[in-house]
Amino acid sequence: DNPPFKNVIVIIKEMTETTIQVKRARTDREPGLYKIMMEKIRDHHRYFCPIESVTEISLATITKKEMRNCNECEFRNPIRQTYVRVTKRIVGNQTLDERIKTHKAVFPHSTVEKVEDYYEHIVEGLLKLKEAKIVHFNIQPSNIMYSVTECLPVITEFGEAFVLDDLYNDETMVEVFTKPHPANRCMEAVLISAILDTVEWKTKPINIASLKRVISKKMMDNEVLAKKWEIYMEKHAGADGKIVVDDLLKNWHTWDLYSVNKIFHKTNIQATNPGEPYIKITNV
């Protein structure tokens, strides 16, 4: 009920040839997701780099010399007066954006083809996440690193990720969807958050007018798509929140693809009809 690292913030230092991210909240889930990847995704290391283990250590049980010498990074929790030690895996010193800029400077004529290769590789990885029923839920440019060992982009920062089955637990669902939304979060997730924000969301009919305001705010730059989403929500008028949320969850496996498409400026997401998956991943 109370995972030991649930509210701990772990900072992994940036070194000469190493960049790993700041970890926030639900850090205790990431090692569990890593185990699932180990079991279900044979070549997971080519696509993903989750934190492999988290260990809380009392200050009384480790010396400063041991802390300096161990192949792990640490953070002192000022509230609990403990160190949190996180086993690291070296990724590289460039984000995907930085890698693309480097390639463009050295090989400008092949940059377009290389970027498309990177995109296809990431989409392949998302298909593997789909098979393992994992949603990353925090794909941003800073969370896609260029791996120096794989010579390919890998998805990092699984601190916000979840296994689909967990969402059928009310507590987990509320925890997942009440977090702040990145700019490239898909419309389904935004609407689910708005529904869960109401009292007795499972048994009360949804507020269509309120959800339309959310849609208008989110899609102020695309009136056509906003109108499509409004029509999509109107078909749920009078339906209880749980029914609508279940419908919005149907295409969970392409939510991460939406974020990737936004990063790579893929225009096909604009043509997607509400309630349908975001195209590409279903055709891989």
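Counting all heavy atoms, side chain and backbone alike, Ile215 lies closest to Glu230 at CD1-N, 4.0 Å. Across Leu191 and Leu248, no two heavy atoms sit closer than the pair CB-CD1, 3.9 Å.
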Checklist entry - For Asp97 and Lys101, what are the C-alpha separation, side-chain angles and deciding distance, and is it a salt bridge (Lys or Arg N to Asp or Glu O under 4.0 Å)? => result CA-CA 6 Å; Asp97 282 346; Lys101 288 177 182 177; over 6 Å; no

Next on the checklist: Pair Asp256, Lys130 - check salt bridge (Lys or Arg N to Asp or Glu O under 4.0 Å), show working.
Outcome noted: CA-CA 10 Å; Asp256 290 336; Lys130 171 188 174 183; over 6 Å; no

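Within the 4.5 Å cutoff, the side chain of Leu196 has heavy atoms near those of the Met173 side chain. Taking the side chain as every heavy atom from C-beta outward, Thr102 and Gln94 approach each other to under 4.5 Å.
With hydrogens and angles ignored, the 3.5 Å screen pairs a side-chain donor or acceptor of Thr198 with a backbone N or O of Ile195.
Ring geometry for His236 against Tyr232 counts as perpendicular: the plane angle is over 60°, on a 0 to 90° scale with 30° as the lower cut. Between Phe137 and Trp255, the ring-plane angle classifies as tilted under the 30° and 60° cut-offs.
Between the side chains of Tyr278 and Glu188, a donor-acceptor pair is found at a separation under 3.5 Å. A donor atom on one side chain and an acceptor atom on the other are not found under 3.5 Å apart for Gln140 and Ser259. For the 3.5 Å distance criterion, the side chains of Asn251 and Tyr258 fail to qualify, holding no donor opposite an acceptor.
Across Phe48, Tyr146, Tyr47, Phe264, a single residue satisfies ring pair (Phe, Tyr, Trp, His ring centres under 6.0 Å) together with His121, and that is Tyr47.
Of the charged side-chain nitrogens involved, none lies within less than 4.0 Å of a carboxylate oxygen, so that Glu124 and Arg46 do not count as a salt-bridged pair.
Relative to the ring axis of Tyr119, Lys266 places its NZ or CZ within 45° and under 6.0 Å from the centre.
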